[in-house]
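Down below is the structure, laid out as structure tokens.
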Amino acid sequence: GKRQYNRDFLLGFQFMPACV
Amino acid sequence: QEIVNPESYIKHPLQNSWSLWFFKNDKSKTWQANLRLISKFDTVEDFWALYNHIQLSSNLMSGCDYSLFKDGIEPMWEDERNKRGGRWLMTLNKQQRRLDLDRFWLETLLCLVGEAFDDHSDQVCGAVVNIRTKGDKIAVWTADYENRDAVTHIGRVYKERLGIPMKMTIGYQSHADTATKSGSTTKNKFVV
């Protein structure tokens, strides 16, 4: 299926520490 | 042995790979020479890394554009994937640069990378924000102006996501009409 992400899910990652 | 949750180290892949372009109006150069590819990304994490690193649209100089397009599509009418298409156009008044521009553009980006238009997301080519003294513009570009179902679905979802009141309308124009217009306005093929 298509990888759909809703706005709240996406916004939740804005200030996450970067992956290492 | 320690089991590490994959959520903590695997980035979240997007359906598409996207390219962010920047246009700076330098009248001594050709239009194409003023257009620069900034970066590409294909995960949620890399989208934010780029977004958080660059200037907000409202801080750009007049004459500048940001464009976000699916990888392989250039942000111009002439591209094979754009030339039969058109755009849902939001024209903003001068007060809206302060009030609405940055949140409308971010919402537009989230609609694109999150594939907000369901089965019709495949028809989306990209989006453009134009910073202009006379009034800024934001548009979502789609591939085929004759695909009524896709165009109107995308328009309805987009209008709702931006929080545009029911009584206000936004229009969809084909790039062919925009390219050949004689006056300052292009006729709408669809309105939602």
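Just so we're on the same page: letters track the sequence lines, and every chain starts at 1.
- Of the atoms belonging to Asp119(B), it is backbone heavy atoms, and not side-chain ones, that fall under 4.5 Å from chain A.
- Residue Trp88(B) is not grouped with residue Val128(B) when hydrophobic side chains (ILVMFWY) are merged at heavy-atom distances under 4.5 angstrom, including chains of intermediate members.
- Options Asp46(B), Asn52(B), Val113(B), Thr43(B) differ in how many heavy-atom pairs under 4.5 Å they form with chain A, and the most are formed by Asn52(B).
- Partners of Trp105(B) according to the ring-ring contact (aromatic ring centres under 6.0 Å, His included) rule, which considers only residues two or more places apart in sequence or in another chain, do not exist here.
- Interface residue Ala116(B): only backbone heavy atoms are found under 4.5 Å from chain A.
- Looking only at side-chain heavy atoms (C-beta outward), Leu14(B) and Tyr5(A) come within less than 4.5 Å of each other.
- Looking at Asp122(B), both its backbone and its side chain come within 4.5 Å of chain A, counting heavy atoms on both sides.
- The nearest pair of heavy atoms linking Glu115(B) to Gln4(A) is O-NE2, 2.8 Å.
- Under the 4.5 Å side-chain heavy-atom criterion for grouping Ile, Leu, Val, Met, Phe, Trp and Tyr, Ile54(B) is connected to Phe22(B) within one hydrophobic cluster.
- Leu35(B) and Leu60(B) fall into different hydrophobic clusters, where Ile, Leu, Val, Met, Phe, Trp and Tyr are joined by side-chain heavy atoms under 4.5 Å apart, directly or via other members.
- Going from atom CG of Leu109(B) over to atom CG of Leu10(A) covers 10.5 Å, rounded to the nearest 0.5 Å.
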Quick one: side chains of residues 66-76 of chain B, donor-acceptor pairs under 3.5 Å with protein atoms, not counting sequence neighbours, listed by atom name and distance.
unit_1: Tyr66(B); atom_1: OH; unit_2: Gln55(B); atom_2: O; d: 2.8
unit_1: Lys70(B); atom_1: NZ; unit_2: Ser121(B); atom_2: O; d: 2.9
unit_1: Lys70(B); atom_1: NZ; unit_2: Val124(B); atom_2: O; d: 2.8
unit_1: Asp71(B); atom_1: OD1; unit_2: Ser19(B); atom_2: OG; d: 3.4
unit_1: Asp71(B); atom_1: OD1; unit_2: Lys40(B); atom_2: NZ; d: 3.1

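- The cluster map of Ile, Leu, Val, Met, Phe, Trp and Tyr, joined by side-chain heavy atoms under 4.5 Å apart, puts Trp21(B) and Leu106(B) in different clusters.
- When heavy atoms are compared at a cutoff of 4.5 Å, Tyr51(B) approaches chain A solely by way of its side chain, counted from C-beta outward.
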